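Only one structure is covered here, and it is reproduced in the block below.
For reference, positions follow the sequence shown, starting with 1. All values below were derived from every heavy atom in this structure, side-chain atoms included, with hydrogens, water molecules and symmetry-related copies excluded. Note that the structure is predicted; figures quoted are calculated from it, not measured. Remember, it's 1-based here, ligands and their atoms both numbered in the order they're listed.
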Amino acid sequence: MTVMARFAPSPTGFLHIGSARTALFNWLFARHHGGKYYLRIEDTDRVRSTQEAIDAIIEGLEWFGLNWDGSTVFQFERAARHAEVAHALLQKGMAYYCYCSPEELEMMKEEARANGLSPRYNGMWRNRDAHEAPQGVKPVIRFKAPQEGETIIQDLVQGEVKIANAQLDDMVILRADGTPTYMLSVVVDDYDMGITHIIRGDDHLTNAFRQYHLYKAMGWHVPAFAHIPLIHGVDGAKLSKRHGALGIEAYRDMGILPETLRNYLLRLGWSHGDEEIIPTDKAIKWFNLEHVGKSPSRFDMAKLLNLNGHYIREADDKRLVDLILPLMHPRLGRDVDTLGQERLLKGMKGLKQRAKTTLELAENGLFYTRHFPLPRDEKAQSLLTENALKYIGEVSRALSAYEGLWTEDSLHEFIKTCADTWGIKLGEVAQPLRAALTGQGISPSIFEIMEVLGREETLLRLRLGS
Ligand code: GLU
């Protein structure tokens, strides 16, 4: 059997971080098994579905790096096929027309409430003859749900789950205007697309019982279900706005790398022993549904940022430069010039050691791209004492006469020797040099910076920056 999985978002807002994880699990499952992974946009709710949301989902998934097979399926375009299945169920005697008025439905709700039950349809038209139909009323089509016994699903994450069939009322599958309901569309699409595994949030678990009977009524094979627990905030409450950003694009804009988010969301609800760092190639190799946890996982921003620091250090330097250039533009008020770009590339080795986001990386790299005068932060300002300026002057003179290699190691060696000669600690001269060369109190190694800046710029900065 070829595994066929799908991600089926409803385009009613941004791509939620929890949905992104659902997409990831489906994608990993399909890739692990050498199967297919499809994207189906469930846009049947014409009022709430927007083009903007569709774009956000597609862009979000592309950024996240989850490529899907074939072309995107739009559910609404398949409405005629869904209606056809509703009529087929009618033919089979598994569905029926219902002519209830809104008032009658309201009464049923009231009645259920009065009996302490959840609102449900009472089967009024289940066994009524068509000739009793009121004139001029367009009927809906309802599915004949089983009334006795129980429905059991062997969920690949939740284990065996069951429901008493008495709880399943006869749901509408085709509205009076001929449009299908969500519950029908999902089943028909999953069947037609050949989906073998439905991996989705456990908020859909109760839907699975209803969907199960639609498959059975059509004589279709029921796919395997895997309902994954939702993501909670660090305080254990269901993830909501007050915990921070919910849309995937917000994480991108915060400077998180997609591979970080893949690793982080994977670990949020799935484990492989104690492994924390799981790059995507390993994730594909190891992913299975057996190790998806049954309880909700907690989203921890601090962990995400630490992991991002790791992936930034691992990332290709040129890629990082390309990522930060647009972030630098608004800070500089101009594009980074070619010289600045070259320095960023050379200096990336040091820069990326301490950044937890690409925003931070951009901020930290600005000094490579600035022209005079360099703005100074408070710490740099405080480092440039009279004594410090004296040492900067000494270093400048020594460096002007220096004829050795202009490399990090040689410069380190040289300035260390100078400091020794002057009877001071290296730090006493290194800190002021940092302030003069970068305008900052914190930076990568100043010897690395000197190498990247080159002799001329280093000497210029020492002269003008002190
Ligand atoms: N469209 C549904 C949602 O966005 C998902 C349906 C499914 O995965 O079966 O929640």
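Within the cation-pi definition used here (under 6.0 Å to the ring centroid, within 45° of the axis), Arg21 qualifies as a partner of Phe25. Cation-pi geometry between Arg210 and Phe143 is not met at under 6.0 angstrom from the ring centre and within 45 degrees of the axis.
Within the structure, every pair that satisfies the salt bridge (Lys or Arg N to Asp or Glu O under 4.0 Å) test and touches residues 80-104, not counting sequence neighbours, is listed here: Arg81-Glu84, Arg81-Asp192. Every pair passing salt bridge (Lys or Arg N to Asp or Glu O under 4.0 Å) that includes a residue from residues 37-66 is listed here, sequence neighbours excluded: Arg40-Glu42, Arg40-Asp189, Arg40-Asp190, Asp43-Arg46, Asp45-Arg48.
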Output a table of donor-acceptor pairs, distance under 3.5 Å, between side-chain atoms of residues 277-287 and any protein atom two or more places apart or on a different chain; print 'none' if there are none.
unit_1 : atom_1 : unit_2 : atom_2 : d
Thr280 : OG1    : Arg262 : NE     : 2.8
Thr280 : OG1    : Arg262 : NH2    : 3.4

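A salt bridge is absent between Glu451 and Lys349; no separation between the charged side-chain nitrogens and carboxylate oxygens falls under 4.0 Å.
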Short N or O separations between ligand 1 and the protein, below 3.5 Å:
unit_1   : atom_1 : unit_2 : atom_2 : d
ligand 1 : 1 (N)  : Ala8   : O      : 2.7
ligand 1 : 1 (N)  : Ser10  : OG     : 2.8
ligand 1 : 1 (N)  : Glu42  : OE1    : 2.6
ligand 1 : 4 (O)  : Ser10  : N      : 3.2
ligand 1 : 4 (O)  : Ser10  : OG     : 3.2
ligand 1 : 8 (O)  : Arg6   : NH1    : 2.7
ligand 1 : 9 (O)  : Arg6   : NH2    : 2.8
ligand 1 : 9 (O)  : Arg200 : NH1    : 2.6
ligand 1 : 10 (O) : His204 : NE2    : 2.8

